[in-house]
Amino acid sequence: MSHENSSSQDAPPAAPARHFIHEIIAGHVQAGRYGGRVGTRFPPEPNGYLHIGHAKSICLNFGLAREFGGTCNLRMDDTNPTREDVEYVDSIRHDVQWLIEGWAEDSLTLKKVGDASGAGVSGKNRGGTPLEPFYASDYFPQIYEFAVELIRKGKAYVCDLSPEDTERYRGSPDRPGQDSPFRDRSAEESLALFQRMRAGEFPDSARTLRARIDMSSPNIWLRDPVLYRIRHTEHHHTGKQWCLYPMYDFAHCLSDYIEGVTHSICTLEFEVHRPLYDWILEALRLPRELPRQYEFARLNLGYTVMSKRKLLQLVQDRIVTGWDDPRMPTISGLRRRGYPAEAIRHFCELIGVTKFNGLTDASLLEFAVRENLNKRANRVMAVLRPLKVVIENYEDSRVEMMEAVNNPEDPSAGTRNVPFSKTIYIEQDDFMETPAKKFYRLFPGHEVRLRYAYILKCVAVEKDATGRVVELRCTIDPDSKAGGATAGRKIKATIHWVSAAHALASEVRLYDRLFTVEHPDAQAGGDFKSFLNPKSLEVITDCRLESSLKEAQPGQRFQFERLGYFCVDSKESAPGKPVFNRTATLRDAWAKERQKTG
RNA sequence: UGCCCGAUGGUGUAACGGUAGCACAGCAGACUCUGAAUCUGCUUGUCAUGGUUCAAAUCCAUGUCGGGCAGCCA
């Protein structure tokens, strides 16, 4: 964001994390495996938006490529046309680009539009040629030829079993499967049938191509897994060219090989697929050194859900406003919420990479964003829930400009002038008619400091018919502003304020965690949606903001002093009428104190 | 009752046979024109039982607990 300080640019570069995959790769590089080259890939299926769990994988794959001077291919893993869409490929491209911008762009490898060879163009060599992500579907012709090769070698056969029978013959984890009656089909016959499958002669699911491995293997994925299935469905990238689509297991290892990937990093649930990954590549007797698969634990974050299925449900059921709702753990949601890419990357660094399936504390993400924004976000005064204050000993028409520091963490951010006048707004929370224990803000007869202005004393309280406090009558110590005779007086509390006449009325959205329980998908017998937090969004429409905020641009981030970090909503703000999203609250010792004392 | 993987404070992670450390969270204090930030201090841990070894979080065995695998999904 160009409006923010540059101080974040000189933050010390985080040392690359050491973890088991890092060690494996470092070992390979040292031993000269793959000619010392490192090639990774990030292979999302374009059937949903990317989330913070994908960010972990992106940071891992791009981080490794970056550190070892290698490449990381962005590849659409699009082998199932029935659930994929270009809307998703566009969002994925954008999110990946945004996340790695200024960090690992040089490692990002794309390809020339229309090129299906698997050859990439990495960031360093990017010219004017239009580029696009890799697509597994670009390799359908090659993958088809590999399948033919497997049939010729007697390692695959066409099977006529129905989906139901295929399942039946597969057996179960503790019971071996049975050979398909078509298992002994000759290579010639399988070849002919496979060609007819491709020609569209058979309806969906009528036949499959299967690997001939071992129906009694303890590993279910080795029980003659399906390699190809018939789907008379148009594909978002290849159109109507195919009615035959490869399965993940067949397409993935081959795509890796075609692209020259060396280290194929995926999540734990694919661990049992690794023998199949290796089997396919080895069965083909390929000339080049083979890629290998390594698995790590996916991210689980407290108070949210991470599966694309569940996130999609939240979108479809209108529980959130879309994939980019600021409450969503999606990259686009976090971005709209105000999370800088750098903060997300730092979070991914903090959580580490292991094979342990844990649940990461939501407070770690909050820590990452606070730490980042504390250094880069300009301070500003904003009153979310206004309480009118009239200063009795201040002239009616007088307006003073008070000099305020933009960012105490960054002197280069400079200062600004904030107008002060007789009638101001303060935060309702900063006043208590009868002060609670340890409350040292404003109450009748008591003094607080107005940030960058005078010491203020409450002399009277005005209420409406219902007894609600609607206005405070106060006086100031006229010598107490900066440089004044009594400026040095020690006052326990400093509160923020906004001049009523100059204030910008604005809408602010307060976001809280989406769920009320830390692990919504692990609740016994519970539908995760029954644990939604009804207070995950609070819209406040009559906030009074410092006038300088009138020019705030979409995406710009601020610290509202004493309240938290806020970001101008990029969708619903209008020129001169910014809408703010709360990214995170500030730590709040008083809130804790209040909770303790009840 | 099959196969694969895992287990270190509340949470996440380090220690690669030789002093269990870091971060977050929590607690207490200092400082403060943000009850923020910053600084200081503190609490809390090797799943269990055996074995190998001068020495085990680390190696071995058994058990316990947790996760994954039976899509023509990825």
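Residue numbers begin at 1 in each chain, while the letters A, B, ... track the order of the sequences. Everything numeric here is computed off the predicted structure, so don't read it as measured data.
- Smallest separation of non-hydrogen atoms from Cys474(A) and Cys458(A): SG-CA, 3.7 Å.
- Glu561(A) comes within 4.0 angstrom of a nucleotide base, judged by non-hydrogen atoms across all strands.
- With P as the reference atom, U44(B) and A7(B) are 24 Å apart, rounded to whole Å.
- Among Arg451(A), Arg441(A), Arg449(A), the one residue that satisfies the salt bridge (charged side-chain N to carboxylate O under 4.0 Å, His left out) test with Asp430(A) is Arg441(A).
- Figure legend. C22(B) is base-paired to G12(B); pairs are counted as Watson-Crick or G-U wobble with both atom distances under 3.5 Å.
- Of the two residues near RNA chain B, Leu359(A) and Ser162(A), the one whose nearest nucleotide lies more 5' is Leu359(A).
- Counting any heavy atom pair closer than 4.0 Å across all strands shown, Phe270(A) reaches a base atom.
- Distance check on atom C1': U62(B) versus A25(B) gives 37 Å, rounded to whole Å.
- Contacts of Tyr440(A) with the nucleic acid, taken as non-hydrogen atoms under 4.0 Å apart, include base atoms.
- OP1 or OP2 of C33(B) sits under 4.0 Å from a side-chain N or O of Lys490(A).
- Arg489(A) has no side-chain polar atom (N or O) that falls below the 4.0 Å cut-off from OP1 or OP2 of C33(B).
- Using a 4.0 Å heavy-atom distance criterion, Arg175(A) is classed as making no nucleic acid contact.
- Put simply, the side chain of Arg229(A) and the base of G71(B) share no donor and acceptor less than 3.5 Å apart.
- For Arg274(A), no side-chain nitrogen or oxygen approaches OP1 or OP2 of C5(B) to under 4.0 Å.
- Nucleotide G71(B) carries a syn base; the chi torsion (O4'-C1'-N9-C4 or O4'-C1'-N1-C2) is within 90° of 0.
- In the interface, the side chain of His273(A) is paired with the base of A74(B) through a donor and an acceptor atom under 3.5 Å apart.
- Considering all non-hydrogen atoms of both residues, Leu74(A) and Pro44(A) come closest at CD1-CD, 4.2 Å.
- Using atom P as the reference point in both A61(B) and A74(B), the two lie 37 Å apart (nearest Å).
- Distance Arg451(A) CZ to G35(B) C1': 13 Å, rounded to the nearest Å.
- Near-neighbour residues of RNA chain B inside residues 42-56 of chain A, defined by a heavy atom below 4.0 Å, number-ordered: Glu45(A).
- Base-pair partner of G6(B): C65(B) (Watson-Crick or G-U wobble, both distances under 3.5 Å).
- Ile491(A) comes within 4.0 angstrom of nothing in the nucleic acid, heavy atoms only.
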Query - Contact state string [nucleotides 20-31 of chain B, B base, S sugar-phosphate only, - no protein heavy atom under 4.0 Å] - result: ----SSSSS---
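- Ala482(A) comes within 4.0 angstrom of a base, heavy atoms only.
- Comparing U19(B) with C5(B), their P atoms sit 29 Å apart, to the nearest whole Å.
- Closest-nucleotide positions on RNA chain B for Asp249(A) and Thr354(A) were compared, and the one nearer the 5' end corresponds to Thr354(A).
- Nucleotide C72(B) holds its P atom 13 Å from the CZ atom of Arg168(A), rounded to whole Å.
- A cation-pi contact links Arg544(A) to Tyr425(A), judged by a cut-off of 6.0 Å to the six-membered ring centre and 45° from its axis.
- Spacing between C27(B) and U8(B) at atom C1', rounded to whole Å, works out to 23 Å.
- Between the C1' atom of G6(B) and the NZ atom of Lys355(A) lies a distance of 8 Å, rounded to the nearest Å.
- Comparing G51(B) with U58(B), their P atoms sit 14 Å apart, to the nearest whole Å.
- Looking at heavy-atom distances under 4.0 Å, Arg83(A) makes contact with a base.
- Here Trp590(A) counts as stacked on G35(B): its ring centre is under 5.5 angstrom from the base ring centre and the planes meet at under 30°.
- Cation-pi contact between Arg198(A) and Tyr144(A): present, with separation from the ring centre below 6.0 Å and deviation from the ring axis of at most 45°.
- The residue Phe439(A) sits close to a base: some heavy atom pair falls under 4.0 Å.
- Among the atoms of the strands shown, none is found under 4.0 Å from any heavy atom of Leu456(A).
- For U38(B), the paired nucleotide is A30(B), the pair qualifying as Watson-Crick or G-U wobble because both relevant distances are below 3.5 Å.
- Across the protein-nucleic acid pair, Lys310(A) atom NZ and C73(B) atom C1' stand 16 Å apart, rounded to whole Å.
- Remark: Pro218(A), Ile220(A), Trp221(A), Val226(A) in residues 216-226 of chain A come within less than 4.0 Å of RNA chain B through at least one heavy atom.
- Between Tyr49(A) and Tyr88(A), the two ring planes are perpendicular [angle over 60°; tilted spans 30° to 60°].
- Counted by atom type alone, Tyr169(A) and Asp224(A) present zero donor-acceptor pairs between their side chains at under 3.5 Å.
- Atom CZ in Arg562(A) sits about 18 Å away from atom P in U32(B), given to the nearest Å.
- Nucleic acid contact class of Arg170(A) (heavy atoms, under 4.0 Å, all strands): sugar-phosphate only.
- One atom, CD of Glu349(A), and another, P of A14(B), lie 12 Å apart when rounded to the nearest Å.
- We find that Arg379(A) and Glu546(A) are not joined by a salt bridge, their nearest charged nitrogen and carboxylate oxygen being 4.0 Å or further apart.
- Within the 4.0 angstrom heavy-atom criterion, base atoms lie near Gln559(A).
- The CZ-P distance, from Phe250(A) to A74(B), rounds to 13 Å in whole Å.
- Using a 4.0 Å heavy-atom cutoff across all strands shown, Tyr452(A) reaches at least one base atom of the nucleic acid.
- Residues Tyr245(A) and Thr79(A) have side chains not in contact (no heavy-atom distance under 4.5 Å, counting atoms from C-beta outward).
- For the residue pair Asp361(A) and Ser363(A), a side-chain donor N or O sits within less than 3.5 Å of a side-chain acceptor on the partner.
- Between Tyr257(A) and Phe146(A), the ring planes are perpendicular. Angles over 60° get that label, and only those under 30° would be called parallel.
- Rounded to an integer number of Å, the gap from Tyr277(A) OH to A74(B) C1' is 15 Å.
- By the 30° and 60° cut-offs, the orientation of the rings of Phe270(A) relative to His273(A) is perpendicular.
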